[in-house]
Every structure is written in C-alpha cells, then in structure tokens.
Amino acid sequence: MPELPEVNSVMMGLNQLVKGKTIRDVLIDWPRIVGAESPIECEEFVAQLKGQTILEIGRRGKYLIFYLSDLFLISHLRMEGKYCYFSSEKLTNYTRNKHTHVRFILTDGSQLDYEDVRKFGRMEIVAKNQLQEFFEQKQLGPEPIVEEFHLQEFAKKLSKIKRPIKTVLLEQKVVAGLGNIYVDEVLFRARIHPSTFANQLSESEINILHLAIMKVIEEAVAAGGSSIRTYRNSLGEAGKFQQNLKVYGRAGQPCELCGVTIKKIKLGQRGTHFCPNCQPIK
DNA sequence: ACAAATGTTCCTGG
DNA sequence: CCCAGGAACATTTG
C-alpha cells in the first residue's frame, strides 16, 4: 500500500472529488472491511453514514480521516486499498470491479468505490470527540514534520529500544507514516544498516536519521508518492517517486553512490534493501 | 508449486 | 516489561 506519501496523495485527490458531497447510501460487499461480523453490524455502519456530508478529508500517519457532519470515518488502506470515483456520467456504463468492497452512493448521483485486492484495508467510524483517543490507543507516533517530530524525544525513545532500527521505524510508534519502502530509503540516506539496534545509534547518526526521515517523506509527498505494483491515487494517477528510489527494489543493481551491489535480506518478515558499503554493520 | 508483495495485529515463546 | 518469530488476514504475480 500506500505509505504516508501515497495516502497523502489519495487524500488530496479525494478532497478534489468528494469534498462537500453527501452520502445517500453505502453498499458493503465484504463486511470485515468495515469491522462488521454480521449483516446487522453492516446495517448499523451504513445507518450512521447515511445523510452525512463529507466536510473534508484529512490524514494522520497512514490513516485517512473523512470529517463528516456528525462523526469521523477512519480508513486505512493497508497493502492495496484504493478509492475510485465515478461521476454520474461515468456511472451510466459502470461495472463493479471484482475487488470493490464498499460503495458510497452520493446524493449528486456520483459514487465512490473502495477497492482492495487483498481485503486487508479497514474502515472505522469514530465519534468526533474520540479521534485523539483512537490514535493514542494505537500509540501512533508524531508526523514526520519538523513541527511535530522532535529530535530529543526521538533520541530518548531510540535509546531505550534494543531492536533493529528498521523494525522500530516500521512500528509507527516512534514516528508515523513510514512503511517498507521509505524505511529502506531513509536508512540508505542516513547510511545506517537496517539491522543496527536502535540503542546503538550514535548521537550524530540519530541526528542524520531524524533529518533523513523528514527529507525523504517530504520529497516523496511532493512527487505524489511512489507507484510500486498497482498503486494509484484516487484520481487514477501514478506517483513519481519510484524514480528516486535508491535501494528499494534495486537488489542486484549497483549503488548509485559507490557502485557496490545492493543487497536484499529478510528482516522482521520484510524484504530489506541496503548498500553493504554505504550502510556497513557497526 | 512456492515465494513474495506498499501493513497491522495478535499470539506464543523465551 | 522486553523482544523474536510466526501467523493471520486474502489475492495476485513471477
């Protein structure tokens, strides 16, 4: 899926397409996506959304937030979730995609589909006053932007964790929004081996890592994310950042900095790419 | 046939 | 409490 930059791109697309529109009905083809175990629970979900106007679409980490009139709808795309919009004109020869699981029928005759090949994505309704709680409960870390991502805090947390830095960054607790692609890219930029224990990082390495995280995410956001496999934003556009990837998906190819072959290992169940020369083991 | 794929969460060990 | 590893979720692709 979408990591922070891709989710951000989806958010911007949705704001263009459905901001201000009102939900007439919701059709659910795979109840688990909305956290429902039964048709009755689906009905309850739908009933809460009927008549709600989409005031704005926001984002926190990799979570999309639909700010509705009376409540919030939180949507996580996980690996392959997508939104696809159909104007009323386009709907005349609409055929439901095989992987469409939730359909939002809007009062202007248009429709917003949630598609997800692997059905890993999730949606949840949250009361307006429980948004803070929702993210606190997930222990979601700060956004990787200078206003919220404080170096001292970051350093303090890392000093207490005796695990590979890659798995720490994937957990979303120390900082939000990084996934497998951007963690590998960030560690390359910071010249840190992914297996380095967080509590083994020097002050200067933490400094560099802190900046690398914000820089990589900022650049990827500006590029509209990366299109790996099937990713498209809600306007159907691909991202452009994949051209800037230095290690992810480049195993066997020469490092752009030193020419040494990029290696791929398994770390925390995830494919992990790095340059053995630029990111030596300590 | 098998492994791997942008993620999160839960469980079982030590 | 900390950490590692694996499984589950479900499907497609090489």
Side-chain angles (χ1 to χ4, degrees), chain A residues 1-11 29-37 59-64 74-83 97-102 114-124 134-135 137-141 157-187 194-200 216-217 220-221 223-234 237-252 264-273:
Chain A
M1 125 169 134
E3 304 180 30
L4 190 156
E6 293 77 33
V7 176
N8 201 71
S9 184
V10 170
M11 172 191 81
D29 303 299
W30 193 265
R32 291 193 65 152
I33 301 266
V34 303
E37 301 279 327
R59 178 192 61 71
R60 174 79 172 86
K62 304 177 198 172
Y63 295 85
L64 281 169
I74 297 182
S75 169
H76 197 300
L77 277 31
R78 294 278 179 97
M79 296 282 257
E80 304 233 36
K82 291 169 193 60
Y83 281 97
N97 180 297
K98 182 180 168 188
H99 303 296
T100 297
H101 308 305
V102 182
Y114 175 74
E115 301 173 2
D116 190 337
V117 168
R118 292 171 73 179
K119 300 176 178 165
F120 285 177
R122 291 293 178 264
M123 291 180 200
E124 191 172 335
F134 178 87
F135 293 118
Q137 198 208 5
K138 306 263 183 215
Q139 299 181 65
L140 189 63
K157 284 182 180 166
L158 293 185
S159 71
K160 294 176 184 167
I161 306 176
K162 191 184 167 185
R163 271 181 293 131
I165 184 63
K166 162 141 182 175
T167 59
V168 173
L169 294 177
L170 280 177
E171 279 169 1
Q172 313 300 305
K173 293 187 170 71
V174 168
V175 62
L178 302 181
N180 207 34
I181 297 175
Y182 296 113
V183 166
D184 283 2
E185 293 302 311
V186 159
L187 291 174
S195 301
T196 313
F197 280 2
N199 65 353
Q200 297 287 301
V216 167
I217 292 296
V221 164
S226 309
S227 285
I228 305 297
R229 295 164 63 85
T230 63
Y231 167 78
R232 289 288 183 281
N233 69 17
S234 39
E237 299 162 343
K240 297 187 191 72
F241 195 73
Q242 61 273 23
Q243 298 154 353
N244 302 19
L245 299 178
K246 308 291 185 203
V247 285
Y248 184 86
R250 296 193 69 246
K264 183 175 178 184
I265 59 170
K266 200 87 164 174
L267 219 176
Q269 304 184 80
R270 312 302 301 277
T272 297
H273 315 71

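The chains referred to below are lettered A, B, ... by the order of the sequence lines, with proteins before strands, and numbering in each begins at 1. Keep in mind that the numbers below use all heavy atoms, side chains included, and drop hydrogens, waters and symmetry copies.
- Residue A:H76 has no polar side-chain atom (N or O) positioned under 4.0 Å from OP1 or OP2 of B:dG7.
- Partner A:H273 forms a side chain to side chain contact (heavy atoms under 4.5 Å, CB included) with one of A:K264, A:K246, A:R250 and no other, that one being A:K264.
- The CD-P distance, from A:E3 to B:dG7, rounds to 5 Å in whole Å.
- Here A:H101 does not reach the OP1 or OP2 of C:dA10: none of its side-chain N or O atoms lies under 4.0 Å away.
- Centre separation under 5.5 Å together with a plane angle under 30° does not hold for the ring of A:F120 and the six-membered base ring of C:dA10, so they are not marked as stacked.
- Side-chain proximity of A:V117 to the nucleotides C:dT12, C:dA10, B:dG7 is greatest for C:dT12.
- Remark: P of B:dT8 and NZ of A:K119 are 21 Å apart, rounded to the nearest angstrom.
- The residue A:Q172 sits close only to the backbone: its heavy atoms come under 4.0 Å of sugar-phosphate atoms, none of a base.
- The side chain of A:K62 contributes an N or O atom lying less than 4.0 Å from OP1 or OP2 of B:dG7.
- If you take CG of A:N180 and C1' of B:dA4, they are 11 Å apart, rounded to a whole angstrom.
- Taking atom CZ of residue A:R270 and atom C1' of nucleotide B:dA3, one finds them 14 Å apart after rounding to whole Å.
- The distance between atom CG of A:L245 and atom P of B:dA5, rounded to the nearest whole Å, is 15 Å.
- Comparing atom distances between the A:M79 side chain and each of B:dT9, C:dC3, B:dA5 picks out B:dA5 as nearest.
- Nucleotides C:dC1 and B:dT8 have their P atoms positioned 23 Å apart, rounded to a whole Å.
- Here the side chain of A:E185 pairs a donor or acceptor atom with the backbone of A:V247 at under 3.5 angstrom.
- Using modelled atom types, one finds no donor on one side chain facing an acceptor on the other under 3.5 Å when comparing A:Y63 with A:E124.
- Rounded to the nearest Å, the gap between the P atom of B:dC2 and that of C:dA7 is 15 Å.
- In this structure, the side chains of A:K166 and A:N180 come closer than 4.5 Å at one or more pairs of heavy atoms.
- Residue A:K173 is out of contact with every strand shown, counting any heavy-atom pair closer than 4.0 Å.
- Between A:K264 atom NZ and B:dA5 atom C1' the separation is 8 Å, expressed in whole Å.
- In the set C:dA10, C:dC3, C:dA4, the nucleotide with an atom closest to the side chain of A:R118 is C:dA10.
- Taking atom CG of residue A:D29 and atom P of nucleotide C:dT11, one finds them 13 Å apart after rounding to whole Å.
- The separation of C:dG5 from B:dA4, taken at their P atoms, amounts to 16 Å, rounded to a whole angstrom.
- B:dG7 atom C1' lies 13 Å from atom CD of A:E6, rounded to whole Å.
- Set against B:dA5, C:dT11, C:dC3, the side chain of A:H99 has C:dT11 as its closest nucleotide.
- Under the Watson-Crick or G-U wobble criterion, with both distances below 3.5 Å, C:dG6 is paired with B:dC10.
- Side-chain contact between A:Y248 and A:S226: absent, with no pair of heavy atoms (C-beta onward) separated by less than 4.5 Å.
- With the nearest nucleotide of DNA chain C identified for both A:R32 and A:K98, A:R32 has the one nearer the 5' end.
- Checking C:dC3, C:dG6, B:dG7 against the side-chain heavy atoms of A:Q269 singles out C:dG6 as nearest.
- A:N8 places no side-chain N or O within 3.5 Å of a backbone atom of A:V221 that could act as its donor or acceptor partner.
- OP1 and OP2 of C:dC2 both lie 4.0 Å or more from every side-chain N or O belonging to A:K162.
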